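What's counted below: heavy atoms across the whole structure, side chains too, no hydrogens, waters or symmetry copies. As the structure is a prediction and not an experimental result, all values here were calculated from the model.
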Amino acid sequence: MPKRRSVRPRISGTATANGFVRDEQDLSETAAHEKLGLSTQRLQDMFETMLLARAIDERQWILNRQGREPFHISCQGHEGSGVGSAFALDRARDVMVPYYRSLAAVLAFGVTPLELFLSALAKADDPMTGGRQMPAHYGLARARILTSGSPVATQIPHATGAALASKIRGDGGVSIVYFGDGASSKGDFHEGLNFAAIHKLPAIFVCENNHYAISVPTSKQMAVRSVADRAVGYGMFGCSVDGTDPLAVYAAVKQAADRARAGEGPTLIESNVVRLTPHSSDDDDRRYRPEAEREEARHHDPIDVFRTYLSSHGLLDEAADFEMRERVQTSVESALEEAEAAAPPSPETAFDHVYAGVRMPNLRDRLR
């Protein structure tokens, strides 16, 4: 029976930047990025993508509070997990199935800041849904990203189907799907994982566990210690990683992708992240999260974690960091300006893309 493998840091030794601990013996070992074969440029690209995701996210909060974006659900605290996992995949043949906190992941997979703002502001040129869907519902055929919906966990069977298609085609592709800890309590989770395991499909199931399903803590959702503990019940490989460390996530997803391409079946990964904001723009987490807990989460910010790692290994200096942040700021401002100038969708197009060949050009008259 497959064993659950935990790759969480060991519980003795020296404290690291993210507050987790590392065994003293590890200090003299080869650096994590060297073991993974990641170049300085690749690492800096990962960090800049994380910065870009955070900057877009922060701007969307402002747009929401200004009444210009109707709803926002944040990825803050999830950037390391999204970027680390996406960078471990092959954008030319793999398929991504995101969820509402996958902003960083979809950026890393090829979605642009402009496309994200066009979607958030519901513009006609929004390439995801033409301005028809809520913000944070990602999907882009060009980037091999399947469209996501609002119901929790429904994307999991879709990812299983994409993996089945890859196996039938024999194209060596892998599907990766993201979801939260609350989604692991849904029937879609069981159906998707069970089918994938039975047929040894090339699928990677990433549970980004921020330990709250809106206001419900994991202790009220499951009796097991970890979502990854459920993997053994399906006969698949499972592991639990520090999701605030993009290199730990990269390693887990790279291993899962290699196993999937080798015909060894799916993997369930629990990526332990932090939620640095309320659940959404309609939530007030002060009602159910103690301030001490919220403050502790801020000490595990994945951007700070990764920056500390890069700096300590001589991979990022203050000048390079400053240049990245300047580029990110310029990119965000330019993309938002262009998106705001874009036209809204015409009411006459409301029924476009619903039924093939069906159009209601006189919609205004019919609604009178």
For [X], ring pair (Phe, Tyr, Trp, His ring centres under 6.0 Å) partners two or more places apart:
| X | result |
| --- | --- |
| His158 | none |
| Tyr288 | Tyr212 |
| His190 | Tyr234 |
| Tyr138 | none |

Got a sec, which residues hit side chain to side chain donor-acceptor pair (under 3.5 Å) with [X], two or more places apart in sequence or on another chain?
| X | result |
| --- | --- |
| Gln44 | none |
| Thr160 | none |
| Ser271 | Ser81 |
| Gln155 | none |

Under 4.5 Å side-chain linkage, directly or through intermediates, the cluster mates of Val274
Leu276
Name each donor-acceptor pair under 3.5 Å that joins a side chain in residues 111-132 to protein atoms two or more places apart or in another chain, with its distance.
from, atom 1, to, atom 2, distance (Å)
Thr112, OG1, Glu115, N, 3.1
Thr112, OG1, Glu115, OE1, 3.3
Glu115, OE1, Thr112, N, 3.0
Glu115, OE1, Arg142, NH2, 2.8
Glu115, OE2, Arg142, NH2, 2.7
Lys123, NZ, Glu340, O, 3.4
Lys123, NZ, Ala342, O, 3.0
Asp126, OD1, Met128, N, 2.8
Asp126, OD2, Thr129, N, 3.2
Asp126, OD2, Thr129, OG1, 3.1
Asp126, OD2, Gly130, N, 3.4
Asp126, OD2, Gly131, N, 3.1
Thr129, OG1, Arg132, N, 3.2
Thr129, OG1, Gln133, N, 3.1
Arg132, NH1, Gly130, O, 3.1
Arg132, NH2, Thr349, O, 2.3
Arg132, NH2, Thr349, OG1, 3.2

Where at least one partner belongs to residues 183-194, residue pairs that pass salt bridge (charged side-chain N to carboxylate O under 4.0 Å, His left out), sequence neighbours excluded:
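Salt bridge (charged side-chain N to carboxylate O under 4.0 Å, His left out) check on residues 183-194 returns no pairs.
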What donor-acceptor contacts under 3.5 angstrom involve side-chain atoms of residues 328-339, with partners at least two apart or in another chain?
from, atom 1, to, atom 2, distance (Å)
Gln329, NE2, Glu333, OE2, 2.9
Thr330, OG1, Glu326, O, 3.0

